[in-house]
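This report refers to the structure that appears directly beneath it.
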Amino acid sequence: MAMSFEWPWQYRFPPFFTLQPNVDTRQKQLAAWCSLVLSFCRLHKQSSMTVMEAQESPLFNNVKLQRKLPVESIQIVLEELRKKGNLEWLDKSKSSFLIMWRRPEEWGKLIYQWVSRSGQNNSIFTLYELTNGEDTEDEEFHGLDEATLLRALQALQQEHKAEIITVSDGRAAVASLLRLVLDPS
Amino acid sequence: MAILLSQIVFIEEQAAGIGKSAKIVVHLHPAPPNKEPGPFQSSKNSYIKLSFKEHGQIEFYRRLSEEMTQRRWENMPVSQSLQTNRGPQPGRIRAVGIVGIERKLEEKRKETDKNISEAFEDLSKLMIKAKEMVELSKSIANKIKDKQGDITEDETIRFKSYLLSMGIANPVTRETYGSGTQYHMQLAKQLAGILQVPLEERGGIMSLTEVYCLVNRARGMELLSPEDLVNACKMLEALKLPLRLRVFDSGVMVIELQSHKEEEMVASALETVSEKGSLTSEEFAKLVGMSVLLAKERLLLAEKMGHLCRDDSVEGLRFYPNLFMTQS
């Protein structure tokens, strides 16, 4: 799968790996980095990463070109992604992060659209059903990782379009259920 | 009880130790036959020791050494017997032969020494005076600073030149008086004349250090200080002269012909870089025939204007055409 990944032209442009001092140039550069990170992670189905991994990954380290993006610049790219809503730090020391090629709100919207399309308003779903059920096989969110899914549903909950119910099923595990409410207004 | 100084051959110090006091050992000639009666008629030792229980040894040694060097008893023709006025005693050591010559040389040396010390004494007195003068000048200079409005520019310049000739740094900053003076205005006009041709020869732009060297070489005498050069150059544009001073972001200062448009040069720089794919400052300087300093400034200006971008790695700093902007 890595082989089918198409690197953008910037990846073969040495200045791409130097943080540009000119502000306008830098803006373009960072935008290119952000979209590269997201498409890379999407293809490799990578939903989380540590900064250490990132440094050595071919994403930031072009061995053939003999250029690496320095760690301070990687931090700047990650901060850009966080500001855009595509990244969330998993720990206080900012050593590992969750990367979402679609923002949680966008996922939430897709899930909500599917629910209303399939007329399942007010039904209750397990999270597993949503991402791995037969009914959702054709949906984009099929196979979505749990961390991102949870955040998508939390976004919906914020909009009062869903309710996350936590149920203990007698065993040690706790399941989260979702009740989607189709708001006519 | 006394021993003639002429009896002394040699003296040496013996430092104090634990339980021992400091001593001076005085080695003596054999006693003359007409020796005065004393505490001992004879002794098997040819020396005596003077013991200093508390202190005084150093001073005593010094004085005794001096006396030994001066040997004043030899200069006096009349007998210097300590006890009575007797005739010259055969025991006296006379200034004859090599020993005498050596002694005379020693004396002369001592005399010279004394003269030099005296001379230096005057110098140290002068130095004390100089210090006072410096203090005085400083206080006057401060008063001038405080009364800036009351004293005319002319007088100030005169006084400052006195200070300078005494080697005292000017307490009044150049900025307050330096930039606007007649001197700098005249200098600016002079510079415009001197630099026109050299600038044209160098593509319309020169770094200030190049200008400094060129101008001072031409002057030969009465060289310009860097401050005076800069202050004169600051006035070029105001005086509507055909050159101007320009300061780049990096702090590098250059003199440009008014007709020179660095921004236009940037466009040609971009062409050159694009042709070669990428260039370092040194490579660019070589291609275009510029100094590396000015070449770098041109490339940095091009980057600032968005025409170039940079690749900074262990291989060095290279400039590329700014594809981030031109390509999708």
Side-chain angles (χ1 to χ4, degrees), chain A residues 5-40 42-43 54-81 83-84 86 101, chain B residues 246-252 261-285 287 292-328:
Chain A
F5 182 69
E6 269 213 38
W7 297 101
W9 68 266
Q10 289 98 334
Y11 191 68
R12 273 173 281 274
F13 188 47
F16 194 46
F17 295 84
T18 301
L19 192 66
Q20 296 299 317
N22 180 311
V23 171
D24 299 321
T25 313
R26 183 187 296 200
Q27 230 174 23
K28 296 268 177 181
Q29 180 192 24
L30 286 177
W33 270 114
C34 287
S35 89
L36 174 57
V37 171
L38 294 179
S39 48
F40 182 88
R42 175 182 180 178
L43 194 84
Q55 275 179 275
E56 294 313 313
S57 142
L59 176 57
F60 291 111
N61 181 4
N62 186 338
V63 179
K64 195 163 163 205
L65 199 69
Q66 293 191 305
R67 293 284 185 277
K68 299 168 83 139
L69 195 64
V71 70
E72 307 81 26
S73 308
I74 294 179
Q75 296 281 7
I76 292 175
V77 172
L78 297 179
E79 175 59 17
E80 277 304 297
L81 285 166
K83 280 196 259 186
K84 289 163 90 167
N86 293 100
W101 65 270
Chain B
R246 184 178 179 156
V247 185
F248 286 114
D249 293 341
S250 57
V252 167
K261 303 265 185 291
E262 188 66 11
E263 280 72 6
E264 285 169 8
M265 305 309 288
V266 159
S268 85
L270 174 60
E271 255 185 62
T272 314
V273 174
S274 306
E275 266 171 49
K276 300 285 178 186
S278 72
L279 288 173
T280 63
S281 314
E282 293 81 11
E283 289 165 358
F284 180 66
L287 266 174
V292 178
L293 179 78
L294 292 180
K296 184 157 188 193
E297 288 304 323
R298 187 166 291 174
L299 293 175
L300 287 173
L301 185 62
E303 182 189 43
K304 189 176 171 185
M305 291 168 70
H307 297 302
L308 295 179
C309 60
R310 66 167 63 188
D311 163 40
D312 203 349
S313 70
V314 291
E315 293 170 25
L317 179 61
R318 300 192 80 85
F319 289 90
Y320 285 75
N322 191 354
L323 299 180
F324 293 110
M325 300 306 245
T326 55
Q327 214 150 313
S328 64

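In what follows, chains carry the letters A, B, and so on, assigned in the order in which the sequence lines appear, proteins first and then strands, with residues in each chain numbered from 1. A quick note: this is a predicted structure, and the numbers were derived from the prediction, not measured.
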- Query: Do you know which of Lys28(A), Gln27(A), Lys68(A) has the most heavy-atom pairs under 4.5 Å to chain B?
  - Reply: Lys28(A)
- Task: Would you mind reporting whether Gln10(A) and Phe324(B) have side-chain heavy atoms less than 4.5 Å apart?
- Result: yes
- Query: For Gln20(A), is it the side chain, the backbone, both, or neither that has a heavy atom closer than 4.5 Å to a heavy atom of chain B?
  - Reply: side chain
- Task: Return the option, out of Ala32(A), Pro21(A), Pro8(A), with the maximum number of heavy-atom pairs under 4.5 Å with chain B.
- Result: Pro21(A)
- Message: Checking an interface table here. Which of residues 304-317 of chain B come within a heavy-atom distance under 4.5 Å of chain A?
- Response: Lys304(B), Met305(B), Gly306(B), Cys309(B), Arg310(B), Asp311(B), Asp312(B), Ser313(B), Glu315(B)
- Item | Exceeds 12 heavy-atom contacts within 6.0 angstrom, atom CD of Glu282(B) | yes
- Note: vs chain B, highest number of non-hydrogen pairs under 4.5 angstrom among Leu19(A), Thr18(A), Val23(A) is Thr18(A)
- Task: Pick one of side chain, backbone, both or neither for Phe17(A), based on which atoms fall under 4.5 Å of a heavy atom in chain B.
- Result: neither
- Message: Could you measure the distance from the CG atom of Asn22(A) to the CG atom of Leu300(B)? Nearest 0.5 Å is fine.
- Response: 11.5 Å
- Message: Heavy-atom cut-off 4.5 Å, strictly under: side chain, backbone, both or neither for Asp24(A) against chain B?
- Response: both
- Note on the structure: Smallest heavy-atom separation, Phe13(A) atom then Pro321(B) atom, equals CZ-O, 3.5 Å
